[in-house]
Asker: 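I am attaching a structure below and will ask some questions about it afterwards.
In each ligand, atom 1 is the first atom listed, and ligand 1 is the first ligand listed. Just so you know, these numbers use all the heavy atoms, side chains as well, and skip hydrogens, waters and symmetry mates.
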Amino acid sequence: MAQIIGVGVIGMGWMGTVHSRAYLQAADRFHESGIRPRLIICADDVETRAKEAKERFGFERYTTRWQEVIANPKVQVVNVATPNHMHLEVVRAAAASGKHIFCEKPVGKNSQETAEIERLARQVGVLTFVGYNYRWSPLVQHARQLIGEGRLGRLTHFRGRFFAGYASNPQGVLSWRFQRELSGMGVLGDLMSHVVDMGLMLAGPVKRVVGNRETFFPRRPLAMPGVGTHFTVGGGGPLGDVTNEDYASALLQFANGVQGNIEVCRVIQGHKCQFAFEIEGTEGALSWDFERMNELKVFCLDGNGSHDGYTRLVSGPAHPDHVRFNPGAGVGLGYEDLKTIEAHHFLKSVAERRQGEPGFTEALRVAEVLGAIERTCETGSWQEVTRIASRASQS
Ligand SMILES: NC(=O)c1ccc[n+]([C@@H]2O[C@H](COP(=O)([O-])OP(=O)(O)OC[C@H]3O[C@@H](n4cnc5c(N)ncnc54)[C@H](O)[C@@H]3O)[C@@H](O)[C@H]2O)c1
């Protein structure tokens with residue numbers, strides 16, 4: 001029997017529209033699940049965006065006041081796709097109303113805020129989910145399975161990087177992402193959160209870190225309010241200060257002895273969206289790059305030196321969720337397909353009333369590593385990754 005889940009989406013920019021489409025797609029791609037999201041209400045303080053989203057995706061209504069999404073009795077899950085500075089306030093209200101919550105990464109502007117958000121949801125027992133979408137690539141899931149089966153032997157190395165060129169033009173506008181007040185961390189929250197999530201998922205908990213960060217373009221043209229995205233290029237107008245980092249890197253020591261090396265940048269030339277990892281063990285190695293997300297390089301020692309090197313797999317029916325999109329191997333998936341898989345796993349957890357993964361607990365583990373990287377950037381010395389409790393729970 002079909003299970004209808006009422007959805008409210010807050011923030012109808014890039015992610016809000018992607019998520020709305022993903023809920024519609026999830027009902028189709030995972031049809032036999034019987035889960036039928038119903039788009040109830042969307043909110044954006046820019047009315048044209050809210051209105052257009054209602055028309056495009058078929059929401060029953062739209063509003064410029066996000067509180068109306070949470071107050072709507074038909075809304076069972078609240079999807080938070082606003083700039084980062086609003087996540088805490090929206091999650092607090094949604095949790096207080098007993099609504100399940102999907103929140104985009106980085107869940108909090110900083111580690112302390114993520115701890116507070118995790119506590120708010122846990123204390124009232126609502127289900128949570130987080131937008132670490134790159135996990136859902138069929139070949140990343142396959143990589144996770146290979147590691148889980150011990151095919152790489154004892155893990156030894158993890159390298160992760162997210163090299164994006166979205167701000168490589170110094171005339172790229174000063175959107176909320178570049179302002180600490182609105183975004184919190186810069187690339188640490190934006191890009192490194194994905195890399196750290198991947199590292200924790202594949203290689204386990206991180207023990208300590210040492211790292212560095214830099215802002216290459218300290219001033220940018222002011223953005224027009226309510227217009228454009230962080231890809232928008234301005235020029236000619238007044239400039240404002242960039243108040244968070246363009247670049248960050250760190251060495252990691254994982255608890256199991258894996259040695260890690262991670263690096264992210266939003267202003268790099270050449271690379272466009274290279275979210276990539278390599279992971280090696282005593283008996284094998286894997287290599288994946290989002291820019292070629294339908295390929296995974298695999299090497300497993302089998303004692304035959306004549307083919308001692310990587311094999312290139314292409315995504316196909318043998319890999320998780322591939323057939324939801326295409327019946328054959330080599331007919332690949334794209335970014336938004338990962339969001340559709342993500343939406344399905346979230347809705348399934350709600351339908352089954354069980355906490356899925358990645359939820360706020362996983363986001364807090366990521367935030368703890370990011371917090372340690374921030375500390376090492378201040379001190380220049382190795383920092384232990386420690387558990388963070390919300391200040392409210394300490395008092
Ligand atoms: N997982 C991913 O791959 C991914 C990619 C991009 C962004 N994100 C995350 O998604 C979130 C949104 O990013 P985005 O790129 O969609 O940003 P965006 O700027 O494109 O969209 C944000 C929207 O929120 C709206 N908004 C601002 N204040 C509001 C308010 N008071 N009430 C209602 N709406 C309001 C803005 O008008 C805008 O339409 C961020 O947390 C970001 O880090 C995740």
Side-chain angles (χ1 to χ4, degrees), residues 8-22 41-54 56 62-70 78-91 93-94 101-110 113-114 117 129-137 162 164 166-167 172-179 181-198 223-232 244 264 266 273 275 290 293 334-343 346 358 363 366-367 370:
V9 181
I10 302 178
M12 301 314 298
W14 181 20
M15 279 304 110
T17 54
V18 167
H19 291 180
S20 304
R21 208 160 27 242
I41 178 168
C42 61
D44 201 293
D45 64 340
V46 179
E47 186 170 5
T48 49
R49 287 188 177 177
K51 186 164 183 285
E52 186 185 311
K54 173 188 178 295
R56 280 175 76 184
Y62 76 88
T63 176
T64 55
R65 292 190 64 252
W66 60 264
Q67 292 85 349
E68 288 177 18
V69 172
I70 290 166
V78 173
N79 190 109
V80 186
T82 59
N84 305 341
H85 72 286
M86 291 183 59
H87 291 186
L88 174 58
E89 194 186 357
V90 176
V91 167
I101 303 164
F102 181 102
C103 185
E104 260 305 343
K105 43 53 61 179
V107 167
K109 282 193 305 181
N110 52 47
E113 228 181 72
T114 304
I117 287 173
F129 221 76
V130 179
Y132 296 127
N133 32 263
Y134 300 98
R135 279 177 172 235
W136 299 113
S137 159
F162 201 147
Y166 69 76
V173 297
L174 188 74
S175 73
W176 60 264
R177 268 186 175 72
F178 302 88
Q179 302 172 61
E181 195 189 329
L182 301 178
S183 171
M185 296 170 280
V187 281
L188 279 170
D190 191 16
L191 306 179
M192 194 67 103
S193 58
H194 285 296
V195 176
V196 170
D197 177 64
M198 191 69 80
M224 291 254 292
V227 179
T229 69
H230 63 292
F231 295 92
T232 303
N244 54 29
V264 296
R266 64 187 176 194
C273 196
F275 176 27
F290 173 69
M293 66 169 265
Y335 174 82
E336 290 211 7
D337 297 331
L338 306 186
K339 282 297 196 192
T340 298
I341 300 172
E342 175 180 271
F346 171 48
V366 171
L370 299 179

Asker: Look at atom 21 (O) of ligand 1 and say which protein heavy atom is nearest, naming residue and atom and giving the distance to 0.1 Å.
Answerer: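 Of the protein heavy atoms, Gly13 CA, 3.3 Å lies nearest.
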Asker: Under 4.0 Å from a heavy atom of His87: which atoms of ligand 1 are those, numbered in the order shown and with their elements?
Answerer: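 With His87 as reference, the close atoms of ligand 1 come out as 41 (O).
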Asker: Considering only the protein, which heavy-atom contact is closest to atom 1 (N) of ligand 1, and what is its distance?
Answerer: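 Scanning the protein heavy atoms, the shortest distance from atom 1 (N) of ligand 1 goes to Asn133 OD1, 2.7 Å.
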Asker: In terms of atom number and element, which parts of ligand 1 are under 4.0 angstrom from non-hydrogen atoms of Lys339?
Answerer: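 This gives 1 (N) as the contact atoms.
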Asker: Can you report which non-hydrogen protein atom sits closest to atom 28 (N) of ligand 1, along with the distance?
Answerer: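 So the nearest neighbour among protein heavy atoms is Met86 SD, 3.4 Å.
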Asker: Among protein heavy atoms, which sits nearest to atom 16 (O) of ligand 1, and what does the distance come to when rounded to 0.1 Å?
Answerer: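 Looking at atom 16 (O) of ligand 1, the protein heavy atom closest to it is Met15 N, 2.8 Å.
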Asker: Go through the steps for Thr82 and Trp66 under the test side chain to side chain contact (heavy atoms under 4.5 Å, CB included), then give the verdict.
Answerer: CA-CA 10 Å; Thr82 59; Trp66 60 264; over 6 Å; no
Asker: Assess Tyr132 for proximity to ligand 1: is some non-hydrogen atom of it under 4.0 Å away?
Answerer: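 No; Tyr132 lies far enough from ligand 1 that no heavy-atom distance drops under 4.0 Å.
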Asker: For residues Tyr132 and Ser193, report the shortest heavy-atom separation together with the two atoms involved.
Answerer: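 The pair with the smallest heavy-atom distance is CE2-O, 3.8 Å.
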Asker: If the cut-off is 4.0 Å to any non-hydrogen atom of Gly131, which atoms of ligand 1 fall inside it?
Answerer: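 Numbered from 1, ligand 1 contributes 1 (N).
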Asker: When you look for heavy atoms under 4.0 Å from ligand 1, do you find them on the side chain of Tyr166, its backbone, both, or neither?
Answerer: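 Neither part.
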Asker: Is the backbone N or O of Gln179 less than 3.5 Å from a side-chain atom of Ser183, with the two atoms forming a donor-acceptor pair by type?
Answerer: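 Such a contact is absent between Ser183 side chain and Gln179 backbone.
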Asker: For residues Leu191 and Ala164, report the shortest heavy-atom separation together with the two atoms involved.
Answerer: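 So the two residues come closest at CD1-CB, 4.1 Å.
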Asker: Mind checking whether Thr340 and Trp136 have side chains closer than 4.5 Å, heavy atoms only?
Answerer: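 No, their side chains stay 4.5 Å or more apart.
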Asker: Which atoms of ligand 1 are found less than 4.0 Å from any heavy atom of Trp66?
Answerer: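 Taking each heavy atom of Trp66 in turn, ligand 1 has 32 (N) under 4.0 Å.
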Asker: Taking all heavy atoms of Ala50 and all of Cys42, pick out the closest pair and write down the distance.
Answerer: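 Distance-wise, the nearest heavy atoms are O-SG, 3.4 Å.
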Asker: Do Asp44 side-chain atoms and Met12 backbone N/O form a donor-acceptor pair below 3.5 Å?
Answerer: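 Yes.
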Asker: With the threshold set at 4.0 Å, does a side-chain nitrogen-carboxylate oxygen contact exist between Lys339 and Glu342?
Answerer: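 Glu342 and Lys339: salt-bridged.
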Asker: Quick one: nearest non-hydrogen protein atom to atom 44 (C) of ligand 1, plus distance?
Answerer: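 Nearest neighbour among protein heavy atoms for atom 44 (C) of ligand 1, to 0.1 Å: Glu104 OE1, 3.1 Å.
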Asker: Report yes or no: does Asn79 contribute a side-chain atom to a donor-acceptor pair with the main-chain N or O of Gly16 at less than 3.5 Å?
Answerer: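 No.
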Asker: Under 4.0 angstrom from ligand 1, any heavy atom of Arg65?
Answerer: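 So Arg65 does not count as touching ligand 1.
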Asker: Give the numbers and elements of all ligand 1 atoms closer than 4.0 Å to a heavy atom of Ala81.
Answerer: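 Per the distance check, 12 (C), 22 (C).
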Asker: Using ring-ring contact (aromatic ring centres under 6.0 Å, His included) as the criterion, point out the one residue from Phe290, Tyr335, Phe162 that pairs with Phe275.
Answerer: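 That would be Phe162; it is the only one of Phe290, Tyr335, Phe162 passing the ring-ring contact (aromatic ring centres under 6.0 Å, His included) with Phe275.
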Asker: Quick one: look up the protein heavy atom nearest atom 11 (C) of ligand 1 and list residue, atom name and how far away it is.
Answerer: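 Of the protein heavy atoms, Thr82 O, 3.4 Å lies nearest.
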Asker: Nearest non-hydrogen contact with atom 39 (O) of ligand 1 belongs to which option: Ile10, Asp44, Val90?
Answerer: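 It is Asp44 that holds the nearest heavy atom.
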Asker: Considering both backbone and side-chain atoms of Asp190, is one of its nitrogen or oxygen atoms within less than 3.5 Å of a nitrogen or oxygen in ligand 1?
Answerer: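 No, there is no polar N/O contact under 3.5 Å.
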Asker: Report the nearest protein non-hydrogen atom to atom 35 (C) of ligand 1: residue, atom name, distance rounded to 0.1 Å.
Answerer: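 Nearest protein contact, heavy atoms only, for atom 35 (C) of ligand 1 is Asp45 OD1, 3.4 Å.
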Asker: Atom 22 (C) of ligand 1: which of Pro83, Cys42, Gly16 has the nearest heavy atom?
Answerer: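 When every heavy atom of Pro83, Cys42, Gly16 is considered, Pro83 comes closest to atom 22 (C) of ligand 1.
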Asker: Identify the protein heavy atom lying closest to atom 43 (O) of ligand 1, giving its residue, its atom name and the separation to 0.1 Å.
Answerer: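 In this structure, atom 43 (O) of ligand 1 has Lys105 O, 2.8 Å as its nearest protein heavy atom.
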Asker: Distance-only, no hydrogens or angles: does the Lys105 side chain make a donor-acceptor pair with backbone N or O of Asp190 under 3.5 Å?
Answerer: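 Yes, because the side chain of Lys105 sits within donor-acceptor range (under 3.5 Å) of the backbone of Asp190.
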Asker: In terms of atom number and element, which parts of ligand 1 are under 4.0 angstrom from non-hydrogen atoms of Val46?
Answerer: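 Taking each heavy atom of Val46 in turn, ligand 1 has 37 (O) under 4.0 Å.
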Asker: Kindly identify the option in Arg177, His19, Arg49 whose heavy atom sits closest to atom 6 (C) of ligand 1.
Answerer: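 Of the listed residues, Arg177 has the closest heavy atom.
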Asker: How about Phe102 and His19: do any of their side-chain heavy atoms sit closer than 4.5 Å?
Answerer: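 Yes - at least one pair of side-chain heavy atoms lies under 4.5 Å apart.
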Asker: So if I count the atoms of ligand 1 from 1 in the order they appear, which ones are less than 4.0 Å from some heavy atom of Pro106?
Answerer: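 Here the atoms of ligand 1 in question are 43 (O).
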Asker: State plainly whether the residues Glu47 and Lys54 are in salt-bridge range, i.e. N to O under 4.0 Å.
Answerer: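 Answer for the salt bridge query: no.
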Asker: Could you pull out, from Tyr134, Trp176, Trp14, the option with a heavy atom nearest to atom 13 (O) of ligand 1?
Answerer: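 Checking each option, the heavy atom nearest atom 13 (O) of ligand 1 is found in Trp176.
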Asker: Can you find a pair of side-chain heavy atoms, one from Ile117 and one from Leu88, that are under 4.5 Å apart?
Answerer: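 Yes, side chains in contact.
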